[in-house]
Number of protein chains: 2
Amino acid sequence: MISDRQTKEREFRKEQIIKAALTVFKNNGIEKATMDEIAKEADFGKATLYYYFSSKEEIFIEILNRGWKMIWESIEPVIHDKDKPKDTFIDALNIIGSLVRNNQSLFEFLFTVPQKMPSSLNEDAHAWKGFQRRMYGVFQGLLEEGMAKKEFPQMRSDILMRAIGGLFHGLFFLGNERKPMSRQTMEEFITTFIGNYGTT
Amino acid sequence: MISDRQTKEREFRKEQIIKAALTVFKNNGIEKATMDEIAKEADFGKATLYYYFSSKEEIFIEILNRGWKMIWESIEPVIHDKDKPKDTFIDALNIIGSLVRNNQSLFEFLFTVPQKMPSSLNEDAHAWKGFQRRMYGVFQGLLEEGMAKKEFPQMRSDILMRAIGGLFHGLFFLGNERKPMSRQTMEEFITTFIGNYGTT
DNA sequence: TCATGTTTCGAATCTTAAGTCGAAAATTAA
DNA sequence: TTAATTTTCGACTTAAGATTCGAAACATGA
């Protein structure tokens with residue numbers, strides 16, 4: 001008989017483990033994010049982690065799922081405005097920007113770990129993949145509508161997506177400096193790089 | 001007494017091993033680029049690899065050193081033209097673009113493996129780090145001179161570097177599609193993103 | 001308070017891949 | 001032809017880190 005409180009405590013402990021995993025990732029990088037380290041950080045025995053998660057991968061997947069869910073739910077409210085695709089696009093980018101600013105290491109995890117790990121993290125079945133796909137779809141859609149309205153340069157939208165994705169990634173995660181990029185700086189870049197068309 | 005031919009054959013075999021390593025990297029990704037796989041691909045026994053290289057890392061470092069040397073030697077001839085920084089900048093980018101187009105997987109190795117491996121690959125002492133540093137220095141210098149001449153938007157050059165680095169990376173290495181980016185497409189992007197200022 | 005279920009953990013096991021060893025095969029040169 | 005040198009390699013060792021085991025500690029509710 002599992003009481004309500006028990007369930008909540010279980011959730012809480014899972015939470016702690018996830019936080020510990022992110023801390024270890026932040027301090028040591030993904031390669032050195034071992035179960036031993038996470039256990040130490042979470043102040044649990046290693047075997048206890050396996051009581052809550054069936055594998056290390058499951059911990060990582062949980063992080064990805066929660067993170068991408070958050071991203072999706074943050075942009076979802078603004079993306080339906082199809083009136084001015086470019087403004088909507090920039091709004092959404094700015095929203096993600098502030099999320100990143102707020103928790104740089106989480107997003108570094110979300111955006112870099114799947115690349116670095118060929119494992120099953122990337123399987124389509126995972127929830128986070130769905131959010132990611134939806135997000136890319138929305139952005140690409142906005143790009144295409146924006147192009148139709150001449151608000152963006154006329155290019156193959158998939159390639160433009162890659163370019164903007166890379167640009168965003170570069171701004172936030174390249175270089176040694178891990179200082180957050182201010183909203184102002186980011187806006188400056190967005191308008192400089194993709195803002196010189198149509199409205200604005 | 002090591003004859004001249006022997007020396008050459010040794011070099012040749014090292015070459016084969018390096019090629020095999022890159023092939024395995026291309027097919028399996030860096031995680032699965034194991035000495036066993038490389039040996040199989042090179043058609044040598046594993047122990048033989050250690051006769052030619054003292055460690056797996058040494059193989060990787062050799063790849064990085066050769067690759068970055070090539071990059072540097074390819075752009076070096078054009079970067080001294082300080083007359084029109086922006087044109088010079090674009091020339092250099094185009095040169096690197098064609099190198100990448102020519103050997104996508106080598107460059108994927110050069111540009112992604114050091115990030116994925118915290119190991120000693122990244123130590124400043126390695127030759128490739130020197131080439132990389134020099135290259136970044138040159139690009140950033142061109143950016144600064146170009147800004148002074150109003151050929152580029154006025155921004156913090158280090159951040160602009162990150163943005164362009166990310167953009168370039170995104171164009172070539174993001175997404176599933178590993179088709180090479182044509183020179184024309186690339187030029188289109190460069191002019192669209194950083195080309196709308198000053199001359200041109 | 002006891003029987004049952006839940007949570008914890010150190011120690012043991014399993015797995016993968018790097019690196020080593022010692023002997024054999026091949027090559028060279030006198 | 002043969003001794004020395006160079007090259008090759010399968011089998012072994014090691015190391016790190018994920019995962020499992022089994023028993024203990026703890027909590028809960030009759």
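The chains referred to below are lettered A, B, ... by the order of the sequence lines, with proteins before strands, and numbering in each begins at 1.
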Open item on the list: Please confirm whether the shortest side-chain N or O distance from Arg10(A) to OP1 or OP2 of dT7(C) is below 4.0 Å.
Closed with: yes
Task: dT7(D) phosphate, OP1 or OP2, under 4.0 Å from Thr48(B) side-chain N/O - done: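 No, because none of the side-chain N or O atoms of Thr48(B) sits under 4.0 Å from OP1 or OP2 of dT7(D).
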Starting from [atom2] on [N], measure out to [atom1] on [X] and report it in whole angstrom.
X: Gln16(A); N: dT7(C); atom1: CD; atom2: P; value: 15 Å
X: Ile17(B); N: dT8(D); atom1: CD1; atom2: C1'; value: 11 Å
X: Ile59(B); N: dA18(C); atom1: CD1; atom2: C1'; value: 11 Å
X: Phe44(A); N: dG10(C); atom1: CZ; atom2: P; value: 13 Å
X: Asn28(A); N: dA16(D); atom1: CG; atom2: C1'; value: 15 Å
X: Tyr51(B); N: dT5(D); atom1: OH; atom2: P; value: 12 Å
X: Leu49(A); N: dA11(C); atom1: CG; atom2: C1'; value: 16 Å
X: Asp43(A); N: dT8(C); atom1: CG; atom2: P; value: 11 Å

- [ ] To the nearest 0.5 angstrom, please state how far the NZ atom of Lys116(B) sits from the CD1 atom of Ile30(B).
- [x] 7.5 Å
Side-chain donor-acceptor distances from residues 16-28 of chain A under 3.5 Å, at least two apart:
residue, atom, partner, partner atom, Å
Thr23(A), OG1, Lys19(A), O, 2.9
Asn27(A), ND2, Thr23(A), O, 3.4

Going by the rule salt bridge (Lys or Arg N to Asp or Glu O under 4.0 Å), which residues pair with [X] if we only count those two or more places apart in sequence or in a different chain?
X: Arg156(A); result: Asp158(A), Glu177(B)
X: Glu187(A); result: Arg183(A)
X: Lys46(A); result: Asp36(A)

Task: Set of ring pair (Phe, Tyr, Trp, His ring centres under 6.0 Å) partners for Phe173(A), sequence neighbours left out - done: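 Result, ring pair (Phe, Tyr, Trp, His ring centres under 6.0 Å) vs Phe173(A): Phe111(A), His169(A).
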Show each protein N/O and nucleotides 24-28 of chain D N/O combination with a separation under 3.5 Å, one pair to a line.
residue, atom, partner, partner atom, Å
dT28(D), OP1, Arg5(A), NH2, 2.4

Identify each atom pair where a protein N or O and an N or O of nucleotides 17-20 of chain D are less than 3.5 Å apart, giving names and distance.
residue, atom, partner, partner atom, Å
dA18(D), OP1, Lys56(A), NZ, 2.5
dA18(D), OP2, Met35(A), N, 2.8
dT19(D), OP2, Tyr50(A), OH, 2.9
dT19(D), OP2, Lys56(A), N, 3.0
dT19(D), O4, Lys46(A), NZ, 2.7

Task: Which residues share a side-chain hydrogen bond (donor to acceptor under 3.5 Å, both in side chains) with Glu73(A), sequence neighbours left out - done: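 So Glu73(A) forms a side-chain hydrogen bond (donor to acceptor under 3.5 Å, both in side chains) with Lys69(A).
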TODO: Tell me yes or no: between the side chains of Glu58(B) and Ser54(B), is some donor less than 3.5 Å from an acceptor?
DONE: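 Yes, side-chain donor-acceptor contact under 3.5 Å.
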Could you list the donor-acceptor pairs under 3.5 angstrom formed by side chains in residues 130-147 of chain B, with sequence neighbours left out?
residue, atom, partner, partner atom, Å
Gln132(B), OE1, Lys129(B), NZ, 3.4
Gln140(B), NE2, Ser157(B), OG, 3.0
Glu144(B), OE2, Ser157(B), OG, 2.6

TODO: With heavy atoms under 4.0 Å as the rule, sort Phe53(A) into base, sugar-phosphate or nothing.
DONE: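 Nothing, no nucleic acid heavy atom in range.
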